[in-house]
Amino acid sequence: MYYQNKKNSTIPKEWFFFNPENLSDSKKLNHLSKNVGVIFFNKNLNVYNFLKKIEPCIKFCRKKKIKFVIPFSKFWCSKYHAFGMMIEINKKSKKFHSTKNKHKNYYTVAKVHNVKEAFLAKGFIDLIFLSPVLKTESYPEKKPLSNYIFISLCFFFKEEVIFALGGVNYKNIKSMKNKNLYGFGAISCFNNNEKI
């Protein structure tokens, strides 16, 4: 298996990044295996509208026993017993989500795009998505991490649970032979119905 053998087998190895405004994403949600986690995201809606829009999807995930991650809201994480909360990596968020304020009933989750963000994330983020590792259909303008930086960050985060994100699918993840890599996150991979 190409994934790291981690202690906590309850953490999904595959994550579908789900935009509730994308109709094809909504259709795919209905066919996901409960072994695939869901991370809700959208940058166009304000926080309140976004949370209201995903509420039916959250209820669906809970009914199907699909683990899910919500951005922004400790309240919603607690209310719906979310598996995790997605956090933007910056100095302000690190201070806000310090050990003193950290809730033990859900995981902290973040995307890391560079070495600066890696140093900010170290020690307070549980699940880390290194992004983008390859060219992506969803964000073609974003330059992928160099192989050297990607491998270095995998080693840097060897104590955390690390995922590859960006351009990843069931075929190319197998070529990322890195003992510290746990799994992957994707959008297009699931949209293309490669394997669900």
Side-chain angles (χ1 to χ4, degrees), residues 1-18 34-41 66-74 76-78 81-134 136 139 142-170 172-187 189:
M1 194 65 174
Y2 49 91
Y3 298 118
Q4 181 185 9
N5 183 18
K6 282 284 184 179
K7 306 163 265 246
N8 192 339
S9 60
T10 65
I11 300 172
K13 292 183 167 104
E14 299 161 14
W15 289 90
F16 176 40
F17 277 68
F18 173 76
K34 69 176 183 180
N35 297 322
V36 177
V38 174
I39 296 180
F40 294 103
F41 81 98
I66 295 171
K67 293 181 171 71
F68 59 92
V69 171
I70 301 172
F72 317 124
S73 175
K74 287 185 178 184
W76 274 56
C77 278
S78 297
H81 306 287
F83 188 76
M85 181 169 67
M86 180 68 80
I87 295 169
E88 291 290 326
I89 293 297
N90 53 49
K91 287 180 181 177
K92 185 178 177 183
S93 66
K94 183 165 187 174
K95 186 177 179 182
F96 181 71
H97 297 283
S98 64
T99 306
K100 186 175 83 171
N101 293 315
K102 191 172 177 180
H103 289 264
K104 295 295 181 185
N105 56 343
Y106 57 80
Y107 288 94
T108 52
V109 183
K111 291 185 282 184
V112 169
H113 305 92
N114 53 52
V115 173
K116 182 181 177 182
E117 289 181 355
F119 277 99
L120 286 172
K122 184 71 174 174
F124 91 105
I125 299 296
D126 303 308
L127 312 183
I128 292 170
F129 288 85
L130 300 178
S131 174
V133 294
L134 300 166
T136 74
Y139 298 96
K142 290 195 174 180
K143 187 178 177 184
L145 295 168
S146 71
N147 197 43
Y148 173 77
I149 294 292
F150 174 66
I151 291 169
S152 299
L153 290 177
C154 284
F155 182 77
F156 180 72
F157 286 121
K158 64 183 178 180
E159 301 303 321
E160 286 79 18
V161 183
I162 313 164
F163 300 86
L165 175 65
V168 185
N169 57 43
Y170 286 101
N172 61 30
I173 189 66
K174 293 177 183 177
S175 66
M176 295 180 193
K177 298 187 187 321
N178 188 306
K179 66 179 183 178
N180 295 315
L181 191 63
Y182 183 68
F184 73 94
I187 300 173
C189 168

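Side chains of K34 and I66 form a contact here, defined as non-hydrogen atoms less than 4.5 Å apart. Here the side chains of Y106 and K74 are in contact, with some heavy-atom distance below 4.5 Å. Between Y170 and C189, the closest side-chain pair of non-hydrogen atoms falls below 4.5 Å. Using a 4.5 Å heavy-atom threshold, the side chains of M176 and L134 count as touching. Considering only heavy atoms from C-beta on, H113 stays 4.5 Å or farther from I89 through its side chain. Within the 4.5 Å cutoff, side-chain heavy atoms of I173 are placed close to those of L181. Side chains of F157 and L130 form a contact here, defined as non-hydrogen atoms less than 4.5 Å apart.
No side-chain donor-acceptor contact under 3.5 Å links Y107 to the backbone of I11. Looking at K122, its side chain does come within 3.5 Å of a backbone N or O of F156 through a donor-acceptor pair. Between the side chain of N172 and the backbone N or O of G167, at least one donor-acceptor pair lies under 3.5 Å. Side chain of T108 to main chain of F124: a donor-acceptor pair is present (N/O by atom type, distance under 3.5 Å, no hydrogens or angles).
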Can you check side-chain contact (heavy atoms from CB on, under 4.5 Å) on W15 and V69, steps first, answer last? CA-CA 10 Å; W15 289 90; V69 171; 3.7 Å; yes

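Among V36, V38, T10, the one residue that satisfies the side-chain contact (heavy atoms from CB on, under 4.5 Å) test with K67 is T10. With respect to F163, the ring-ring contact (aromatic ring centres under 6.0 Å, His included) criterion is satisfied by exactly one of F17, F129, F16, F150: F129.
Taking every heavy atom of both residues into account, M85 and P71 meet most closely at CG-C, 4.4 Å. G37 approaches P12 most closely through the heavy-atom pair N-CB, 3.7 Å. The heavy-atom pair separating K143 from P132 by the smallest distance is O-CG, 3.6 Å.
To the nearest 0.5 Å, the span separating CD on E88 from CG on L120 amounts to 12.5 Å. With values rounded to the nearest 0.5 angstrom, W76 atom CH2 is found 10.0 Å from F40 atom CZ. Rounded to the nearest 0.5 angstrom, N180 CG and C154 SG are separated by 6.5 Å. Here I125 contributes atom CD1 and M86 contributes atom CE; the two are 9.0 Å apart, rounded to the nearest 0.5 Å.
For F68, there are no ring-ring contact (aromatic ring centres under 6.0 Å, His included) partners, not counting sequence neighbours. Partners of I149 under the side chain to side chain contact (heavy atoms under 4.5 Å, CB included) rule, at least two apart in sequence or in another chain, are V115, L145, S146, L153. Here N114 pairs with K116, E117 under the side chain to side chain contact (heavy atoms under 4.5 Å, CB included) rule; sequence neighbours left out.
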